[in-house]
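Residue numbering restarts at 1 for every chain, and letters A, B, ... go by the order of the sequence lines. Please read these numbers as outputs of a predicted model, since none were measured by experiment.
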There are 2 protein chains.
Amino acid sequence: MRRLSAATPNAKPVSATAEQILDQAETLIQTRSYSAFSYQDIADALGIRKASIHYHFATKADLGVAVVDRYAERFGNALAALDRDQSRSSAQLLDFYCEPYLQYAQTPDRVCLCGALAAETLALPPQIRERVAGFFEDHQAWLARILERGAQRGEFTLRTAAVRTARMFFGALQGALLVKRTTGDMTQLKDVVTALKSQLAADRGGKASGVKGLRKARKN
Amino acid sequence: MRRLSAATPNAKPVSATAEQILDQAETLIQTRSYSAFSYQDIADALGIRKASIHYHFATKADLGVAVVDRYAERFGNALAALDRDQSRSSAQLLDFYCEPYLQYAQTPDRVCLCGALAAETLALPPQIRERVAGFFEDHQAWLARILERGAQRGEFTLRTAAVRTARMFFGALQGALLVKRTTGDMTQLKDVVTALKSQLAADRGGKASGVKGLRKARKN
DNA sequence: GTCTATACAAAGATAGAC
DNA sequence: GTCTATCTTTGTATAGAC
């Protein structure tokens, strides 16, 4: 288990160029994968030379780590903020969570950075691999927390343990994004989000239905 | 939409070596991705030279296409057979469908071939891309058919249209497999399968519950 | 069908001038 | 910080002998 809020003391005051390199690398990993992008791609995009990139990020692994850290921190901060905000409904929080996925789905070829990296885990430097794993654990833990809370408030009906539902929820979003990009069918992601929400819709029983739903699904 | 049964008239009588090459390539794509594997990897594994591989598969793209075709056909045949078999319950059919995912999950580092390829769609030769898209469409269509049938028989309660549920189901399996491999947590896949089944569990209403469940979930 | 040899391009990375 | 130049390795692919 890892921490979400204090992900990294975002202390690093990276230069403007370094920032642009990170932006490009992030996009390239999301669209073409880590293995398939090169320093040359970034150099071309920014109008600089390969060697200049090595000044900012000595190795490709260093660059990859920096990209994932920045990405995870951005998400981590947003999730931590949502976590603290007790004013919103759990359903709203889930909506917020799905937002980035839906946004990526509107681009022709972007997926979640960590989803893309996960598909080539064994080809990744270990430092990157660990961070991707941490990202997954953090996000699924966050989702489980929100689902649990929503069930207690009677907003949702969980048909199995919150942790399991969270894993299904997360996997479905990641998988759907990959499918969407390959088939080009924009409705893929929307359909999955709709389906996920339908599964969670509270039974017409009222307040205690969340707990009731959980009980009903014994060891299931 | 594409056809499942007559996927390819599996007429090709490939040589023993070609078969071994396909096996290795399939495994390498599943574990390391298409971009990250090379003819050298296969040559090493089989104890032959790179050049020999080119005799069987002129280009890497050709090899990739052959791998995907064989993989899709294997699945396609199995699904078509299940489709024809009216004796099994829909729940059983879904169990069969999940089997390969659970088996991959038991290996340390294998995922679905097409799931792996989807993550690097833009780095793939178009012929491969198209086939992966076809695989996704076929499988989701198959799942939708089974879900629809199960709902009509009262085995399942669909909380939204079968097509949407199928997309959620498929995405969740694919996503979970990727997450599982990265985190190394064997329970990931089992949890998701459990969660998916819980979502489908028929309401205690009896026969007509499938249809009822569908009605209830209006435009949701 | 498999080998050696080789061509050719691209990759990640470093040295050192400016 | 960015450049040119260069090194080294690896990748895909071909030619031609066996």
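Here dA13(D) presents its C1' atom at 16 Å from NE2 of His56(B), a figure rounded to the nearest Å. Rounded to whole Å, the distance from NE2 on His54(B) to P on dA13(D) is 6 Å. In this structure, CD1 of Ile42(B) is placed 13 Å from C1' of dG11(D), rounded to the nearest angstrom. If you measure from atom NZ of Lys60(A) to atom C1' of dT8(D), you get 17 Å, rounded to the nearest angstrom.
Remark: Arg149(B) engages Asp83(B) in a salt bridge, criterion side-chain N to carboxylate O under 4.0 Å. A salt bridge between Arg131(A) and Asp138(A) is absent, with no side-chain N of the basic residue lying under 4.0 Å from a carboxylate O of the acidic one.
Using a 4.0 Å cutoff to heavy atoms of chain B, the contacted part of DNA chain C runs 5' to 3' from dG1(C) to dT4(C).
Thr27(A) and Arg110(A) form a side-chain donor-acceptor contact under 3.5 Å, judged by distance and modelled atom types alone.
Using a 4.0 Å heavy-atom distance criterion, Phe37(A) is classed as a sugar-phosphate-only contact. Nucleic acid contact for Tyr39(B): sugar-phosphate only, since backbone atoms but no base atoms lie under 4.0 Å from a heavy atom of the residue.
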Item to check | Evaluation steps, side-chain hydrogen bond (donor to acceptor under 3.5 Å, both in side chains), between Arg167(B) and Thr187(A) | outcome: CA-CA 10 Å; Arg167(B) 288 179 159 190; Thr187(A) 67; 2.8 Å; yes
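Phe57(B) pairs in a side chain to side chain contact (heavy atoms under 4.5 Å, CB included) with only one of the listed residues (Ile42(B), Ile21(B), Val65(B)), which is Ile21(B).
Ring pair Phe135(A)/Phe75(A) is perpendicular by interplanar angle, where above 60° counts as perpendicular and below 30° as parallel.
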